[in-house]
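All remarks here apply to the structure that follows.
Only heavy atoms go into these numbers, but all of them, side chains included; no hydrogens, no water, no symmetry mates. Residue numbers start from 1 in every chain, and the chains themselves are labelled A, B, ... in the order their sequence lines are given, proteins ahead of strands.
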Amino acid sequence: MSLKVHDNRRRQKVEFTTIEPGKVKMYVCGVTVYDLCHLGHARCYIAFDLIHRWLEKSGYQVQYIQNFTDIEDKIINRANETGIGWEKLVEDNIAAYYQDMDALNILRADEYPRCTEYVKEMIDIIQSLIDKGNAYVGNDGVYFHIESAPEKYGILTGQNIDAVRSGAGGRVEDTGSGKKDHKDFALWKSAKPGEPSWDSPWGEGRPGWHIECTAMSMSYLGEQFDLHGGGEDLRFPHHEAEIFQGECHTGCSPVVHHWLHNGFVNMDGEKMSKSLGNFWTIRDILEKIEPLVLRLALVNAHYRSPIDMNEQLLADATKNHQRIIETYRAALQSWNGHSEDTIIPAPNGDMASQIPMVKSIGLLEKMAEGFAIAMDDDFNSREAVAKVLASCREIGKILTSSTVLDDKDRATYGYEATLLLEEMAGEVLGLLPSREDTLTEPEEDPAISARKLEIADAVAELLVRRTTARAAKDWSAADAIRDELNEMGVVVTDTNDGPTWDLA
RNA sequence: GCACGGGUGACAGAGCGGCUAUGUGCGGGGCUGCAAACCCUGAAACCGGAGUUCAAAUCUCCGCCUGUGCUCCA
């Protein structure tokens with residue numbers, strides 16, 4: 001089986017290859033830490049978390065670098081507005097970033113370099129670009145000169161440099177910057193009074209927006225690496241600027257062997273933006289739903305497709321996630337009480353077999369195979385989720401039917417199902433809680449617990465009366481009691497072990 | 001305007017030359033007194049037009065609609 005990925009430079013699905021056999025060097029653009037992370041960030045880092053997980057699952061040794069942009073106009077502005085020092089602002093938002101991403105079960109990257117720690121490396125690259133004739137010193141900083149390498153223009157977005165040339169009338173707005181061409185972008189910005197700044201051959205200043213990723217990715221991963229990711233919006237100009245910088249500086253082409261970009265999150269059909277007021281931080285949404293449900297909602301689409309966030313999507317995700325958890329719990333319970341080493345090993349599966357156990361195991365293996373094919377196809381997590389849900393149905397069928405397997409086989413089957421779910425839904429998709437948490441009741445809101453305690457005696461008494469009525473087949477009396485409980489906000493569920501109840 | 005994506009059942013969303021996607025919702029049935037959960041089963045789709053092909057949701061062309069980028073943005 002081989003992995004295919006959609007490379008945005010070649011604009012097609014290509015065979016995934018690595019520079020060094022068995023090793024993947026990947027870099028994903030991180031956040032500018034001037035504020036809390038929003039849903040779009042969640043989508044991006046979950047998408048690349050999945051890619052990270054699947055590469056490792058496929059046997060690659062992955063080196064994953066993700067940066068923090070900790071100096072930038074927005075940080076300076078926010079620091080000025082709030083009166084918080086920019087260093088403190090940055091620290092707070094980085095701490096919040098880790099909290100949010102941990103909640104979403106995103107595995108940590110290997111390193112999270114901050115751009116202020118790489119100013120020296122950036123200066124070196126800028127100097128090299130000046131020496132090679134790709135950059136020049138203007139009045140307020142250093143600029144990359146696009147016309148020094150026009151063949152690299154529009155590589156990721158297919159823009160035609162001639163159109164851009166003629167479209168802008170070839171003129172440069174004179175802002176006194178000393179910029180030679182409107183396409184040129186800043187490598188180094190001279191400091192304005194009161195701004196944080198670093199010393200450089202071109203005076204006090206700070207890096208331009210694009211150079212940091214070139215400096216950090218090359219510091220960790222070398223002059224060429226395997227995979228570079230980020231949001232759709234970064235293709236132009238950010239990533240094209242990286243191509244200019246990296247390739248002109250190193251002379252290598254391509255520096256990045258696979259460019260991957262994730263699609264955006266829309267809100268009820270509209271672009272998510274602060275001005276539209278439809279902007280959710282991860283924290284906002286986690287007040288309403290479980291982190292793993294949000295994760296499922298975001299994994300339940302191909303990473304390159306846009307996602308339209310709405311109530312329906314979350315409702316679907318809630319149900320689907322619940323189904324996965326219920327199945328996982330049922331699988332765990334089916335062999336609960338056996339220790340793992342005493343479980344009889346499963347036979348080899350064969351879907352065509354007449355022996356129920358062999359056939360059932362064969363079906364599970366088929367699901368796992370479909371799952372792997374989906375993930376190998378440009379990380380098609382939507383299809384992978386479909387395989388998980390189909391497995392849940394399959395597992396539920398076997399486990400709830402008393403006739404298919406005897407008790408011993410049931411434990412073996414349940415154990416196999418457990419491992420399958422843990423591998424697909426857990427290890428790769430990151431959607432499962434721990435075994436302990438799955439088997440124990442979730443922690444409750446203290447207010448809810450208090451309410452339950454308050455009414456427990458009354459409910460218990462009503463349930464006894466209802467049980468008596470049911471035993472006497474007095475259904476109307478039994479249902480009347482259930483209605484009464486409903487009015488108290490209590491939902492009754494009858495099980496083989498008697499009725500249970502919970503708050504609605 | 002230029003560039004790059006999309007338009008699939010009620011909804012979400014895969015498939016991208018021949019094979020049931022999947023889930024929710026809806027219909028029928030089973031299990032249960034009835035519910036819930038779970039299981040079985042059914043209906044239901046490929047924007048419009050032309051073309052290529054033995055065969056098209058899937059390829060080509062035209063049209064219509066729509067998203068994003070071209071300025072800070074994951």
Side-chain angles (χ1 to χ4, degrees), chain A residues 8 11 13 28-32 34-35 37-48 66 69 72-74 77 154 156-160 162-164 166-168 183 209 229-238 240 261-266 269-274 296-297 300-302 304-308 310 312-324 326-327 330 370 374 377 380-402 404 469-476 478-479 482 486 491-496 499-500 502:
Chain A
N8 266 320
R11 272 179 239 144
K13 255 187 236 175
V28 173
C29 288
V31 286
T32 301
Y34 74 106
D35 205 348
C37 287
H38 54 66
L39 261 181
H41 296 111
R43 199 319 214 214
C44 175
Y45 300 113
I46 285 174
F48 286 99
Q66 190 192 316
T69 299
E72 212 268 331
D73 290 350
K74 286 195 291 293
N77 293 339
L156 292 178
T157 52
Q159 295 184 85
N160 181 338
D162 291 327
V164 180
S166 58
K183 299 189 291 302
W209 13 299
E232 184 68 36
D233 53 328
L234 296 182
R235 286 198 337 189
F236 185 94
H238 187 59
E240 290 197 356
H261 297 98
N262 65 276
F264 265 39
V265 177
N266 297 320
E270 284 186 293
K271 184 182 173 176
M272 182 170 76
S273 81
K274 285 184 176 170
L296 175 60
N300 204 202
H302 186 99
R304 292 195 289 121
S305 312
I307 289 181
D308 189 43
N310 55 51
Q312 179 68 42
L313 185 80
L314 292 178
D316 276 8
T318 303
K319 284 197 173 176
N320 285 156
H321 191 255
Q322 199 169 354
R323 186 191 182 97
I324 293 168
E326 294 295 339
T327 306
D377 182 15
N380 191 342
S381 57
R382 183 57 170 84
E383 180 69 14
V385 169
K387 292 298 174 197
V388 169
L389 289 168
S391 303
C392 285
R393 169 150 307 206
E394 194 54 40
I395 293 165
K397 195 195 309 185
I398 306 286
L399 255 29
T400 57
S401 158
S402 56
V404 180
R470 292 183 72 216
K473 295 194 191 300
D474 184 353
W475 310 125
S476 62
D479 289 345
R482 185 162 60 190
N486 285 156
V491 179
V492 181
T493 306
D494 294 318
T495 72
N496 292 337
T500 62
D502 204 347

Q. Where along nucleotides 34-41 of chain B does protein come under 4.0 Å, by heavy atom, of base (B) or sugar-phosphate alone (S), with - for untouched nucleotides?
A. BBB-SSS-

Q) How does protein reach along nucleotides 65-74 of chain B, written 5' to 3' as B (base within reach of a heavy atom under 4.0 Å), S (only sugar-phosphate), or - (no contact)? A) ---SSS-SBB

Whole-angstrom distance between [N] and [M], as gauged at atom [atom1]:
N      : M      : atom1 : answer
B:rA21 : B:rG42 : P     : 12 Å
B:rA37 : B:rC4  : C1'   : 47 Å
B:rU41 : B:rG51 : P     : 41 Å
B:rG9  : B:rG27 : C1'   : 15 Å
B:rC16 : B:rA57 : P     : 14 Å
B:rG63 : B:rG28 : C1'   : 43 Å

(Q) Closest-nucleotide mapping onto RNA chain B: is A:Ser476 or A:Arg304 further toward the 5' terminus? I mean the 5' end. (A) A:Arg304

**Q.** Those residues that, when tested against A:Tyr45, pass ring-ring contact (aromatic ring centres under 6.0 Å, His included) (two or more places apart)
**A.** A:Tyr97

Length of the [atom1]-[atom2] vector between [X] and [N], whole Å:
X        : N      : atom1 : atom2 : result
A:Arg11  : B:rG6  : CZ    : P     : 13 Å
A:Asp316 : B:rG23 : CG    : P     : 12 Å
A:Lys473 : B:rU32 : NZ    : P     : 12 Å

Q. Is the shortest side-chain N to carboxylate O distance from A:Glu326 to A:Arg323 below 4.0 Å?
A. no

Q: Tell me what A:Asn320 touches on the nucleic acid: a base, only sugar-phosphate, or nothing, going by heavy atoms under 4.0 Å.
A: sugar-phosphate

Return the set of residues passing side chain to side chain donor-acceptor pair (under 3.5 Å) with [X] (not counting sequence neighbours), or none when no residue passes.
X        : value
A:Asn77  : none
A:Asn262 : none
A:Lys319 : none

Q) Which one is paired to B:rG5, where only Watson-Crick or G-U wobble pairs with both distances under 3.5 angstrom count? A) B:rU66

